[in-house]
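Counting from 1, the numbers follow the sequence of the chain as shown. Keep in mind that the numbers below use all heavy atoms, side chains included, and drop hydrogens, waters and symmetry copies.
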Amino acid sequence: MTAVAFRPYLPADAGRCAAIFRDAIEFSAADDYDDDQRAAWAARADDEDGFGAKLAKQLTIVATLEGFVVAFASLEGAEKLDMLYVDPAAGRQGVGASLVDALIRLARARGAKRLTAEASDVSKPLFERLGFSAERRSLVQLDDQWLAHTTMTKALGDDPAPPTRH
Ligand SMILES: CC(C)(COP(=O)(O)OP(=O)(O)OC[C@H]1O[C@@H](n2cnc3c(N)ncnc32)[C@H](O)[C@@H]1OP(=O)(O)O)[C@@H](O)C(=O)NCCC(=O)NCCS
(Lines give C-alpha, C1' and ligand atoms only; values in the text may rest on other atoms or scores of the structure.)
Protein backbone atom coordinates (compact mmCIF):
# COMPACT_ATOMS: atom_id res chain seq x y z
CA MET A 1 0.00 0.00 0.00
CA THR A 2 1.15 3.57 -0.68
CA ALA A 3 2.21 5.25 2.54
CA VAL A 4 -0.58 7.18 4.22
CA ALA A 5 0.32 10.72 5.32
CA PHE A 6 -1.41 12.99 7.81
CA ARG A 7 -1.86 16.73 7.99
CA PRO A 8 -4.13 19.16 9.84
CA TYR A 9 -7.57 19.84 8.39
CA LEU A 10 -7.84 23.02 6.31
CA PRO A 11 -11.06 24.92 5.51
CA ALA A 12 -10.59 23.99 1.83
CA ASP A 13 -11.03 20.31 2.82
CA ALA A 14 -14.67 20.81 3.84
CA GLY A 15 -16.25 19.65 0.58
CA ARG A 16 -14.00 16.61 0.21
CA CYS A 17 -14.57 15.61 3.86
CA ALA A 18 -18.34 15.97 3.42
CA ALA A 19 -18.14 13.67 0.37
CA ILE A 20 -16.10 11.11 2.34
CA PHE A 21 -18.62 11.34 5.19
CA ARG A 22 -21.55 10.63 2.84
CA ASP A 23 -19.79 7.81 0.95
CA ALA A 24 -18.51 6.13 4.11
CA ILE A 25 -22.03 6.09 5.56
CA GLU A 26 -23.69 5.04 2.30
CA PHE A 27 -21.33 2.18 1.46
CA SER A 28 -19.26 1.16 4.50
CA ALA A 29 -22.15 1.26 6.98
CA ALA A 30 -24.69 -0.49 4.74
CA ASP A 31 -24.44 -3.84 6.54
CA ASP A 32 -25.21 -2.31 9.93
CA TYR A 33 -27.74 0.49 9.31
CA ASP A 34 -30.71 0.54 6.95
CA ASP A 35 -31.36 3.08 4.17
CA ASP A 36 -33.42 5.46 6.33
CA GLN A 37 -30.92 5.38 9.16
CA ARG A 38 -28.01 6.07 6.80
CA ALA A 39 -29.90 8.91 5.10
CA ALA A 40 -30.54 10.60 8.48
CA TRP A 41 -26.89 10.12 9.45
CA ALA A 42 -25.51 11.42 6.13
CA ALA A 43 -27.81 14.46 6.30
CA ARG A 44 -25.51 15.82 9.06
CA ALA A 45 -23.33 17.05 6.18
CA ASP A 46 -26.13 18.74 4.19
CA ASP A 47 -25.10 22.07 5.67
CA GLU A 48 -21.54 21.91 4.32
CA ASP A 49 -20.57 25.25 5.84
CA GLY A 50 -21.69 24.13 9.28
CA PHE A 51 -20.05 20.74 8.77
CA GLY A 52 -16.75 22.39 7.81
CA ALA A 53 -16.98 24.84 10.71
CA LYS A 54 -17.36 21.94 13.12
CA LEU A 55 -14.27 20.21 11.72
CA ALA A 56 -12.33 23.48 11.90
CA LYS A 57 -13.34 23.99 15.53
CA GLN A 58 -12.29 20.49 16.53
CA LEU A 59 -8.77 19.11 16.27
CA THR A 60 -9.20 17.45 12.89
CA ILE A 61 -6.60 15.60 10.89
CA VAL A 62 -6.90 14.29 7.37
CA ALA A 63 -5.22 11.25 5.89
CA THR A 64 -3.86 11.47 2.35
CA LEU A 65 -2.75 8.90 -0.17
CA GLU A 66 -0.54 10.40 -2.87
CA GLY A 67 -1.72 13.84 -1.76
CA PHE A 68 -5.43 13.02 -2.07
CA VAL A 69 -7.59 13.23 1.05
CA VAL A 70 -9.07 9.79 1.75
CA ALA A 71 -10.13 10.05 5.39
CA PHE A 72 -10.47 12.32 8.38
CA ALA A 73 -10.86 12.09 12.12
CA SER A 74 -11.38 14.62 14.89
CA LEU A 75 -10.96 15.18 18.60
CA GLU A 76 -13.56 17.17 20.50
CA GLY A 77 -11.80 18.57 23.55
CA ALA A 78 -8.98 16.41 24.85
CA GLU A 79 -10.78 13.16 25.53
CA LYS A 80 -13.49 12.56 22.92
CA LEU A 81 -12.85 11.10 19.49
CA ASP A 82 -15.79 12.54 17.55
CA MET A 83 -15.44 11.85 13.82
CA LEU A 84 -13.79 8.96 11.95
CA TYR A 85 -14.62 8.49 8.29
CA VAL A 86 -12.69 6.69 5.54
CA ASP A 87 -13.41 6.80 1.81
CA PRO A 88 -14.75 3.29 1.03
CA ALA A 89 -12.30 3.12 -1.90
CA ALA A 90 -9.48 3.29 0.67
CA GLY A 91 -11.18 0.98 3.17
CA ARG A 92 -9.61 -1.97 4.99
CA GLN A 93 -6.08 -0.74 4.31
CA GLY A 94 -5.35 0.40 7.84
CA VAL A 95 -6.14 4.08 7.22
CA GLY A 96 -8.85 4.31 9.91
CA ALA A 97 -6.70 2.57 12.51
CA SER A 98 -3.74 4.84 11.64
CA LEU A 99 -5.93 7.93 12.15
CA VAL A 100 -7.11 6.68 15.54
CA ASP A 101 -3.47 5.97 16.47
CA ALA A 102 -2.59 9.54 15.53
CA LEU A 103 -5.44 10.96 17.62
CA ILE A 104 -4.43 8.79 20.57
CA ARG A 105 -0.98 10.37 20.41
CA LEU A 106 -2.41 13.88 20.11
CA ALA A 107 -4.81 13.30 23.00
CA ARG A 108 -1.99 11.93 25.13
CA ALA A 109 0.14 14.97 24.26
CA ARG A 110 -2.76 17.17 25.42
CA GLY A 111 -2.65 15.42 28.78
CA ALA A 112 -5.74 13.26 28.27
CA LYS A 113 -6.01 10.30 30.61
CA ARG A 114 -8.63 8.51 28.54
CA LEU A 115 -10.17 8.63 25.09
CA THR A 116 -13.86 7.98 24.47
CA ALA A 117 -15.70 7.32 21.22
CA GLU A 118 -19.37 6.77 20.39
CA ALA A 119 -18.60 3.91 18.04
CA SER A 120 -20.91 2.93 15.22
CA ASP A 121 -21.48 -0.80 14.80
CA VAL A 122 -19.15 -0.77 11.77
CA SER A 123 -16.29 0.92 13.66
CA LYS A 124 -16.60 -1.10 16.89
CA PRO A 125 -14.20 -3.90 15.80
CA LEU A 126 -11.58 -1.26 14.88
CA PHE A 127 -11.78 0.35 18.32
CA GLU A 128 -11.68 -3.05 20.03
CA ARG A 129 -8.56 -3.93 18.06
CA LEU A 130 -6.91 -0.71 19.27
CA GLY A 131 -7.59 -1.53 22.91
CA PHE A 132 -10.86 0.32 23.51
CA SER A 133 -13.43 -1.33 25.81
CA ALA A 134 -17.18 -1.21 25.35
CA GLU A 135 -18.89 0.60 28.23
CA ARG A 136 -22.51 0.79 27.17
CA ARG A 137 -24.72 0.50 24.13
CA SER A 138 -27.29 3.16 23.46
CA LEU A 139 -29.50 4.70 20.80
CA VAL A 140 -29.08 8.16 19.35
CA GLN A 141 -31.94 9.93 17.56
CA LEU A 142 -31.21 11.61 14.24
CA ASP A 143 -34.35 13.20 12.80
CA ASP A 144 -36.97 10.42 13.00
CA GLN A 145 -34.41 7.61 13.07
CA TRP A 146 -32.77 5.79 15.98
CA LEU A 147 -29.21 4.52 15.49
CA ALA A 148 -27.35 2.21 17.86
CA HIS A 149 -23.84 2.97 18.94
CA THR A 150 -21.48 1.87 21.69
CA THR A 151 -19.57 4.10 24.07
CA MET A 152 -15.98 2.86 23.97
CA THR A 153 -13.11 4.00 26.16
CA LYS A 154 -9.39 3.52 26.23
CA ALA A 155 -7.20 4.52 29.17
CA LEU A 156 -4.17 6.44 27.95
CA GLY A 157 -1.19 5.44 30.01
CA ASP A 158 2.37 6.17 29.03
CA ASP A 159 2.51 3.14 26.76
CA PRO A 160 2.47 3.80 23.02
CA ALA A 161 -0.62 2.75 21.08
CA PRO A 162 -0.49 -0.76 19.62
CA PRO A 163 1.14 -0.91 16.20
CA THR A 164 -1.14 -0.97 13.19
CA ARG A 165 -0.72 -2.60 9.84
CA HIS A 166 0.33 -0.38 6.94
C1 LIG B 1 -15.15 2.21 10.39
C2 LIG B 1 -14.17 2.80 9.38
C3 LIG B 1 -13.66 4.15 9.88
C4 LIG B 1 -12.98 1.81 9.25
O5 LIG B 1 -11.98 2.40 8.43
P6 LIG B 1 -10.90 1.47 7.66
O7 LIG B 1 -9.81 2.35 7.20
O8 LIG B 1 -11.59 0.64 6.65
O9 LIG B 1 -10.41 0.53 8.85
P10 LIG B 1 -8.99 -0.21 8.95
O11 LIG B 1 -8.57 -0.72 7.62
O12 LIG B 1 -8.05 0.68 9.67
O13 LIG B 1 -9.37 -1.44 9.88
C14 LIG B 1 -8.56 -1.85 10.95
C15 LIG B 1 -9.20 -3.05 11.60
O16 LIG B 1 -10.48 -2.69 12.16
C17 LIG B 1 -11.39 -3.79 11.95
N18 LIG B 1 -12.43 -3.37 11.00
C19 LIG B 1 -12.47 -2.23 10.26
N20 LIG B 1 -13.61 -2.19 9.52
C21 LIG B 1 -14.28 -3.33 9.80
C22 LIG B 1 -15.51 -3.87 9.34
N23 LIG B 1 -16.28 -3.23 8.46
N24 LIG B 1 -15.90 -5.08 9.83
C25 LIG B 1 -15.14 -5.74 10.71
N26 LIG B 1 -13.94 -5.29 11.18
C27 LIG B 1 -13.53 -4.09 10.73
C28 LIG B 1 -10.57 -4.93 11.39
O29 LIG B 1 -10.01 -5.64 12.49
C30 LIG B 1 -9.50 -4.18 10.62
O31 LIG B 1 -8.34 -4.94 10.41
P32 LIG B 1 -8.27 -5.96 9.16
O33 LIG B 1 -8.66 -5.19 7.94
O34 LIG B 1 -6.83 -6.41 9.17
O35 LIG B 1 -9.23 -7.07 9.47
C36 LIG B 1 -14.83 2.97 7.97
O37 LIG B 1 -15.38 1.72 7.59
C38 LIG B 1 -15.93 4.01 7.93
O39 LIG B 1 -15.69 5.18 7.62
N40 LIG B 1 -17.18 3.55 8.24
C41 LIG B 1 -18.39 4.37 8.12
C42 LIG B 1 -18.42 5.52 9.09
C43 LIG B 1 -18.28 5.09 10.53
O44 LIG B 1 -18.92 4.17 11.02
N45 LIG B 1 -17.44 5.85 11.25
C46 LIG B 1 -17.21 5.67 12.63
C47 LIG B 1 -18.06 6.64 13.40
S48 LIG B 1 -17.74 6.41 15.14
K.L.:
Show, in sequence, the C-alpha distance, side-chain angles and deciding distance for Leu139 and Leu147, and conclude whether the side-chain contact (heavy atoms from CB on, under 4.5 Å) test is met.
P.N.:
CA-CA 5 Å; Leu139 294 172; Leu147 282 73; over 6 Å; no
K.L.:
Could you tell me whether Gln141 atom CD has more than 12 heavy atoms of other residues or ligands within 6.0 Å of it?
P.N.:
yes
K.L.:
Is there side-chain contact between Phe127 and Leu81, with at least one heavy-atom pair below 4.5 Å?
P.N.:
yes
K.L.:
Is it true that Glu79 and Lys113 make a salt bridge, defined as a side-chain N closer than 4.0 Å to a carboxylate O?
P.N.:
no
K.L.:
When you compare the side chain of Asp82 with that of Gln58, does any pair of heavy atoms fall below 4.5 Å?
P.N.:
yes
K.L.:
Would a 4.5 Å heavy-atom cut-off, applied to side chains only, mark Asp121 and His149 as touching?
P.N.:
no
K.L.:
Specify the closest pair of heavy atoms between Ala134 and Thr150, including all atoms of both residues, with the distance to one decimal.
P.N.:
CB-CG2, 3.7 Å
K.L.:
May I ask you to test the Leu103-Met83 pair for a side-chain heavy-atom distance under 4.5 Å?
P.N.:
no
K.L.:
Between Asp47 and Lys54, does any side-chain N to carboxylate O distance fall below 4.0 Å?
P.N.:
no
K.L.:
Would you say Phe68 and Arg16 make side-chain contact, with heavy atoms under 4.5 Å?
P.N.:
yes
K.L.:
Between Thr153 and Glu135, is the side-chain hydrogen bond (donor to acceptor under 3.5 Å, both in side chains) condition met? List the steps.
P.N.:
CA-CA 7 Å; Thr153 299; Glu135 285 191 344; 3.2 Å; yes
K.L.:
Is a side-chain donor or acceptor of Arg38 paired with a backbone partner of Tyr33 at a separation under 3.5 angstrom?
P.N.:
yes
K.L.:
Between Ala73 and Leu84, what is the shortest heavy-atom contact and its length?
P.N.:
CB-CD1, 4.0 Å
K.L.:
Identify whether Ile61 and Leu156 are in the same connected component of the hydrophobic contact network (ILVMFWY, side-chain heavy atoms under 4.5 Å).
P.N.:
yes
K.L.:
Is the shortest side-chain N to carboxylate O distance from Asp13 to Arg7 below 4.0 Å?
P.N.:
yes
K.L.:
Would you indicate whether the side-chain heavy atoms of Val122 and Asp31 approach each other to under 4.5 Å?
P.N.:
no
K.L.:
Could you check whether Arg22 pairs with Asp87 (Lys NZ or Arg NE/NH1/NH2 to Asp/Glu carboxylate O, under 4.0 Å)?
P.N.:
no
K.L.:
Taking the six-membered ring for Trp, are the ring centroids of Phe72 and Tyr85 within less than 6.0 Å of each other?
P.N.:
yes
K.L.:
Hey, are the side chains of Leu115 and Ile104 touching, using non-hydrogen atoms and a 4.5 Å cut-off?
P.N.:
yes
